[in-house]
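As structure tokens, the structure follows; a few thoughts come after it.
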Protein chains: 2
Amino acid sequence: MTEATGGSANSSIQATVIAEMRGRIISGEIEPGGPLSELALAEEFGVSRTPVREALKQLQTEGLVEIRPRVGTFVTTPSRREITELFEMKELLEGAAARLLAQRGRVPEIDRLQENLEEADAAVARDDREHYAELVGEFHDLLITGADNNKLEAHYRMLMNQLAYSRLVKTSLNQPGRPLQSDREHHLVVELIVEKDGDSAEQVMREHVRASRRALMAGLPTPGSPPPGTARD
Amino acid sequence: MTEATGGSANSSIQATVIAEMRGRIISGEIEPGGPLSELALAEEFGVSRTPVREALKQLQTEGLVEIRPRVGTFVTTPSRREITELFEMKELLEGAAARLLAQRGRVPEIDRLQENLEEADAAVARDDREHYAELVGEFHDLLITGADNNKLEAHYRMLMNQLAYSRLVKTSLNQPGRPLQSDREHHLVVELIVEKDGDSAEQVMREHVRASRRALMAGLPTPGSPPPGTARD
DNA sequence: CAGGAGTCTCTTGCATGGCAGAGACCGTAG
DNA sequence: CTACGGTCTCTGCCATGCAAGAGACTCCTG
């Protein structure tokens, strides 16, 4: 599955393009729905169209861009329905990760999760949302990697890329009281994990994801009452 | 995510190559681990290397082949660990599908599931394993499509392709008594779905997948005692 | 006979050019 | 003014050629 995010150690030129473009898309640097021209990108990177083309093709199978034959390549903009679906998957996978991690017993990731929680407590206490957002990212990351299932991890990263999740987290944390609530839920999950109660850990983790989704959707621009010409999809 | 299996309606030549090669790989027509030469395939399909190359690249991101730079392209052979991981994912996704389907209420897929079960009963009764294997395939398919979550479906199909699952099913059904047991478990799942008991449906479905996995692994050639030159990884 | 270095061929990686479809744009007719 | 037809340019699609890395093979040497 190659890597869904990390290693750009591959020196091949198309790998570079893939990594770079993926970064731009999930960071929102290029606007969703925007067109991507093979030729323009090739010139920008100073390479030929072939590797660019192959890079875009891979990004398509990752769900980040859409290639309309003979028309052009565009950054995908998840529809509302897709976002719902993606969150259902997120809930599923993170729940499973919690269960798997609980089953593994005492592994280093658990220690790091507890350290993470301590830092997070501090960040919440001084209302440092920026830092807390980072810690949340690390928390979920530790959970996934701690599950020790490469397939799960690969699919998870793919989904998060499609959601451009890193962009969204901050939105949800701007809901008043959400950071504190979120932090508490994290504590509960880790507690259940160290108790090796996989069933409960999964259940609570799922609930946490649902709560996080609600908080996030509440802060989005197009909830359900779009003023005249707002909604595009 | 394009389609992970179905529509070859796309007239583009590389789409044809992708569909064809995917079919060959999951059917086992080309031996796992075997090399795939761009040039050879290009000649066989009567096209240039470019579309073949792009097709292989997509199959790589689907996890069906592995491209070793400057060396060659090879059909991936899931290691024992990967098989375990894939089954964990299968359990997860099918369990979730059962839950989601239960939550949806009365939808056509449920009717078709019940029809499927009737046919399956008959097939089991007359010990028609061939037909039962087909029905099992349809059963799981209905479950997934019935969940009405495209992301889930896409990821599921990708995983099943990596497992070359269609090849494996028959193995598991050769375990004595397995078809009957399997059929019973299917009945129970559907029953729970029509009762809209999503929690139980998910749980039972998961257990069913685990049982199916055990039956399957028991019938595999390389359990733990590989005769001299059999095991390759 | 064994080991190592060199070469030689095979593979993919990348660049480039021609082709065809899709859509925008403009001119014209009603 | 509006609607239609043609063209024109832009896009990705595919073919081909060259280059470079990896691995096998051979030949030379100890």
Side-chain angles (χ1 to χ4, degrees), chain A residues 1-3 7-22 24-25 30-77 232, chain B residues 1-3 7-22 25 30-77 232-233:
Chain A
M1 184 134 322
T2 68
E3 303 91 44
S8 60
N10 195 335
S11 57
S12 98
I13 167 174
Q14 70 175 263
T16 310
V17 176
I18 290 175
E20 172 67 20
M21 294 307 297
R22 184 159 43 205
R24 289 191 195 176
I25 292 174
I30 42 187
E31 70 181 312
L36 296 174
S37 159
E38 285 183 6
L39 186 59
L41 290 173
E43 286 178 359
E44 177 189 340
F45 285 97
V47 300
S48 102
R49 300 198 318 274
T50 308
V52 171
R53 174 176 175 66
E54 297 184 357
L56 290 179
K57 195 140 186 44
Q58 167 150 356
L59 292 178
Q60 179 190 38
T61 80
E62 286 181 19
L64 292 182
V65 308
E66 177 189 3
I67 301 178
R68 287 214 285 271
R70 307 284 182 184
V71 177
T73 304
F74 306 86
V75 182
T76 57
T77 68
R232 273 303 306 129
Chain B
M1 181 131 324
T2 67
E3 302 93 45
S8 60
N10 194 336
S11 56
S12 100
I13 166 172
Q14 69 176 260
T16 311
V17 176
I18 291 175
E20 171 67 20
M21 294 307 297
R22 185 160 41 206
I25 293 175
I30 42 188
E31 71 180 314
L36 297 174
S37 160
E38 288 182 5
L39 187 58
L41 291 174
E43 287 178 0
E44 177 188 339
F45 286 97
V47 300
S48 104
R49 275 180 40 217
T50 309
V52 171
R53 178 176 173 66
E54 296 184 358
L56 291 179
K57 198 146 181 38
Q58 166 148 357
L59 292 177
Q60 179 189 36
T61 81
E62 287 181 19
L64 292 182
V65 307
E66 177 189 4
I67 301 178
R68 288 213 284 271
R70 306 284 183 184
V71 177
T73 305
F74 306 86
V75 182
T76 57
T77 67
R232 272 305 305 127
D233 49 334

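It should be emphasised that the depicted structure is a prediction, and the values quoted were computed from it without experimental measurement. Sequence lines set the chain letters: A, B, ... in the order given, protein chains first and strands last, and positions in each chain run from 1. Computed from heavy atoms alone, side chains included, the values below leave out hydrogens, waters and symmetry copies.
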Side chain of A:Arg70: nearest nucleotide among D:dA22, C:dT16, D:dG12? D:dG12
Can you check the B:Leu59 CG to C:dT12 C1' distance for me, whole Å? 16 Å
When you measure from the side chain of B:Pro69, which nucleotide among C:dG13, D:dA15, D:dC13 comes out closest? C:dG13
State which of D:dC13, C:dT11, D:dA15 makes the closest approach to the side chain of B:Ser37. C:dT11
Please determine whether a side-chain nitrogen or oxygen atom of B:Ser12 lies at a distance below 4.0 Å from atom OP1 or OP2 of D:dG12. no
Could you tell me whether B:Arg68 contacts a base, only the sugar-phosphate backbone, or nothing, with contacts defined as non-hydrogen atoms closer than 4.0 Å? nothing
Could you tell me the separation between the CG atom of B:Leu41 and the C1' atom of C:dC10, rounded to a whole number of Å? 15 Å
Mapping A:Val71 and B:Thr50 onto DNA chain D by nearest heavy atom, which one lands closer to the 5' end? A:Val71
A:Leu36 near the nucleic acid: base, sugar-phosphate alone, or nothing, with a heavy-atom cut-off under 4.0 Å? sugar-phosphate
By nearest nucleotide on DNA chain C, pick out whichever of A:Arg49 and A:Glu54 is the more 5' one. A:Glu54
Using a heavy-atom cut-off of 4.0 Å across all strands, would you classify B:Gln14 as base, sugar-phosphate, or nothing? sugar-phosphate
With the side chain counted from C-beta on, respond yes when A:Leu59 and A:Thr73 share a heavy-atom pair under 4.5 Å apart, and no when they do not. no
